[in-house]
Amino acid sequence: MESKPFVIPETIHPIRAEIDPACLGADIKTLCTSALGWGAAGTAVIGPEDLVFDDKRLRTMATKTDLDSMSTCWPLAYPIDEIKKALFAYDKGIFLYIDVNIDLPDDGDNPEHNKNHLAAYRKIHEIISAVESAAFYMGHYLAMGFAAGNCRSVFCMEEGQCSAATVAKGCTAPYKSRPSMSAAGIDPLKTAWKLHLPQPDPDRPFLSGLVMVA
Amino acid sequence: MIPPPTPEPEKMEILRNLAVTHGASGASIIDAGDIPVDPRVRFKCMIPKCYMSGRCGRCPPYGYSTEKTIRILNNYEQAIFFHVRVESAIIAAKSLSNSITSGQADEAGNLFSLGGHCMLVYSLVRMIRKKAMKIGFCRTEGFSASNCKDILCFKKKTCRELNGSGECRNPEMSVPSMESAGIDAFRLAAKIGWEIFPIGAQCEPESVKRGMLMGLVLVG
Ligand code: SF4
C-alpha cells in the first residue's frame, strides 16, 4: 500500500497533566493501525529496554566534527549518554518496518539517484514523521521519530551540504526528514531480531523506523 | 547544602500581580521543586530539527544542559510562572510556519503579531526580575518562550554570542526559553490546570481554542 499524507484530527484536545498508561496503550494501538494504513509492513510495540544500542557508533558520533555529514550523525554535539538517557525516559515506542523488494546498496551519504531506492527511503521517512505528528496531536507532545538512511541523500541530494548543519539555515524538509536510528546509536537489525519480527534477514535490505511516545 | 530561604508570600504576590497587570493572561506562584526537567524536551528542539537549533546561543545543542537547569532550580524555592494568550487565528495560521522559518513577514501580519507576544514574554520576565531585586530578593533567574534570535536579534544575520565576539547583544533581555533548558512547560502548565494545546505546523486555527506562550522567573 502507498503511504498517504497524515491528516490532523478536527479537534485537538488539551494536554493532560498525567498520561494514564491505559490511555497511552490505546493511543499506541491506534498509531500502529495508522502506520499500517500509511504503508508499514509490520509494527511492534516496544519499551526502551528493547532497543539494542551500538555504543561504538555513539562514541564515534560524539567525536565527529565533519559538519557536512551532520544530518546522518545527529546528535553530533551531545555527550554519549544524553540521547540514551532521553530514549530511556519514554515508556513505550512503535518499531515499524516497510517491505523492500529491491536491492538497497549502502551508498553512504552520497546522493541517492536511483528512483526505487529514493522511493523506499522517502516512504520510511514519511511514515515515521506521520506517526510522530499523529502522536503529537493526540497530546503526546514528546513523541520522537527516527527513520533510516541519510536524509541528505534523500531530501537534499542536489544541495552541496546539509542545510540544517549550516549555521545560517534550517532543515529543508523538517516535516519529513528524521535522523536515522543508527544516528541515535540504535542497531535496527539487532533490535528487530530481539523483537522476533518476521522480516529481518541479514541478506535482504531492511528499512525500519522508530517513534518513541510518552 | 543550606536550603534556599522561603520567599515571603506578600512579595511573591507583588510579583505575580506585576505579571498580570502588565499583560500576562494568567500567573501563578509555584514551588521550584515542582518544575519538571526532562532530557526529552531539549531533544525535541533537535529531533525533528527546529530551524533555530544550532543558530542561537541559547538553543540546543547550545544553552543550558538539563543538568545545569536542575542545578539552578535547586538554588531556588519559588517562582512566578505566567502565560500570555495568543489567539489561534495567529498562532495556528496556515502561513505562519513558513514565515517563521524563512523570516519573511506574511501579508496577514501573523509573524509580527506572534513576535509581539513573544516580546511581551521577554519584557515580563525582565520586569519581574528587576522588581524582585528592588523589593529585596537577592537573585533571580528567568526563562522565556521562543528563541531570542528571532525576537531580539531579528534584524541581525547571526547570533553574536555564537558567531561573533562571543558576547550577547542583549544580555539584560535575553534569557533561555524553558524548552531549550529542558523544562517541560507543557506538563507544568497542565498540572496547574491551564488549558494548553499541542500546536504544530499542520494545525488549523479551527482545531484549537487558543495558544499560549509561557515565562518563568525564579526568585530567591
Ligand atoms: S540575544 Fe542575540 S546575541 Fe544574544 S544570544 Fe540571543 S541571538 Fe545571540
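Every chain is numbered from 1, with letters handed out A, B, ... down the list of sequences.
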query = Looking at B/Phe186 versus A/Tyr141, is the centre-to-centre ring distance below 6.0 Å?
reply =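 Yes, the ring centres sit under 6.0 Å apart.
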Classify the side-chain pair [X]/[Y] by whether it contains a donor and acceptor separated by less than 3.5 Å.
{"X": "B/Asp31", "Y": "B/Tyr76", "answer": "no"}
{"X": "B/Ser174", "Y": "B/Arg58", "answer": "yes"}
{"X": "B/His83", "Y": "B/Ser25", "answer": "yes"}

Ion pair check, [X] and [Y], cut-off under 4.0 Å:
{"X": "B/Arg40", "Y": "A/Glu82", "value": "no"}
{"X": "A/Glu126", "Y": "A/Lys123", "value": "no"}
{"X": "A/Arg178", "Y": "A/Glu132", "value": "yes"}

task = Tell me, for B/Thr66 versus chain A, whether the close heavy atoms (under 4.5 Å) come from the side chain, the backbone, both or neither.
result =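 The side chain, not the backbone.
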Interface residues of residues 190-205 of chain B facing chain A - heavy atom cut-off under 4.5 Å =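 When heavy atoms of chain A are the reference, residues 190-205 of chain B contributes B/Ala190, B/Lys191, B/Glu195, B/Ile196, B/Phe197, B/Pro198, B/Ile199, B/Gly200, B/Ala201, B/Gln202, B/Cys203, B/Glu204 within the under-4.5 Å range.
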Given that the side chain runs from C-beta out, which part of [X] has a heavy atom under 4.5 Å from chain B: side chain, backbone, both or neither?
{"X": "A/Tyr90", "result": "both"}
{"X": "A/His13", "result": "backbone"}
{"X": "A/Ser133", "result": "side chain"}

ask   = Under 30°, 30 to 60°, or over 60°: which ring-plane class applies to A/Tyr97 and A/Phe206, parallel, tilted or perpendicular?
value =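 Aromatic pair A/Tyr97/A/Phe206 classed tilted.
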